[in-house]
Amino acid sequence: MSNYTPSFVYMIPKEILFNPKLTFVDVKVYAMVRSFMDSGRNCYPTNSWIAKNLNVAPRTVRASLEHLCKLCYLERITIEGRRYIKTVH
């Protein structure tokens, strides 16, 4: 996962894309998480990796993830002691 070069496209639900409560960074973080989710809707890249590939600070990613979780677009889960993000939509 060193270079983020997806060969696929994910739709962003319009309720996320046009939500005035979300920043452009929030939408980009959501899209990044969604692009890496598995069949169980779990996402595995680290916050630092997402930050590096979106050219933002890790604290910006953490803030966006918290905001997206607060609005119930994402959910934090724990699997075998490790924390992951899961998409709700």
Side-chain angles (χ1 to χ4, degrees):
M1 288 192 308
S2 62
N3 292 334
Y4 180 62
T5 54
S7 59
F8 46 83
V9 175
Y10 275 99
M11 300 286 217
I12 299 172
K14 71 178 184 178
E15 63 200 57
I16 292 172
L17 187 61
F18 298 112
N19 186 331
K21 295 179 182 177
L22 296 176
T23 67
F24 185 60
V25 172
D26 292 335
V27 174
K28 287 172 42 175
V29 168
Y30 178 86
M32 180 72 74
V33 167
R34 188 165 177 166
S35 73
F36 277 97
M37 68 183 182
D38 64 13
S39 61
R41 301 178 84 86
N42 301 315
C43 181
Y44 300 97
T46 65
N47 293 358
S48 296
W49 188 90
I50 294 171
K52 179 180 176 189
N53 284 276
L54 291 181
N55 198 30
V56 298
R59 68 179 175 272
T60 302
V61 171
R62 283 192 300 276
S64 287
L65 291 172
E66 288 175 19
H67 191 215
L68 290 162
C69 286
K70 182 178 178 184
L71 295 174
C72 299
Y73 292 129
L74 298 177
E75 176 184 1
R76 291 189 187 273
I77 60 170
T78 302
I79 300 173
E80 297 178 6
R82 296 193 66 181
R83 295 185 323 161
Y84 300 98
I85 292 292
K86 183 174 186 171
T87 60
V88 176
H89 291 277

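The model shown is predicted, which means the values in this text are computed figures rather than measured ones.
- Listed here is the closest heavy atom pair of C69 and R76: SG-CG, 3.8 Å.
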*Between V25 and S64, is a side-chain contact (heavy atoms from CB on, under 4.5 Å) present by the stated rule, with each step listed?*
CA-CA 7 Å; V25 172; S64 287; 3.6 Å; yes

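- Counting only heavy atoms from C-beta outward, the side chains of L65 and V33 approach each other to under 4.5 Å.
- Summarising the geometry of I12 relative to A31, their closest heavy-atom pair is CD1-CB, 3.9 Å, with the distance given to 0.1 Å.
- The distance from atom CG of L71 to atom CD of E15, rounded to the nearest 0.5 Å, is 11.0 Å.
- Residues L68 and D26 approach most closely at CD1-O, 3.6 Å, considering heavy atoms.
- Rounding to the nearest 0.5 Å places CD of E66 at 13.0 Å from CZ of R59.
- Each of V56, T60, L54, N47 was checked for a side chain to side chain contact (heavy atoms under 4.5 Å, CB included) with V29, and the lone residue meeting it is L54.
- Cluster annotation: F24 is not connected to L74 through the hydrophobic network of ILVMFWY side chains, with a link wherever side-chain heavy atoms come within less than 4.5 Å.
- Every residue meeting the side chain to side chain donor-acceptor pair (under 3.5 Å) condition with N19, not counting sequence neighbours, appears here in chain and number order: Y73.
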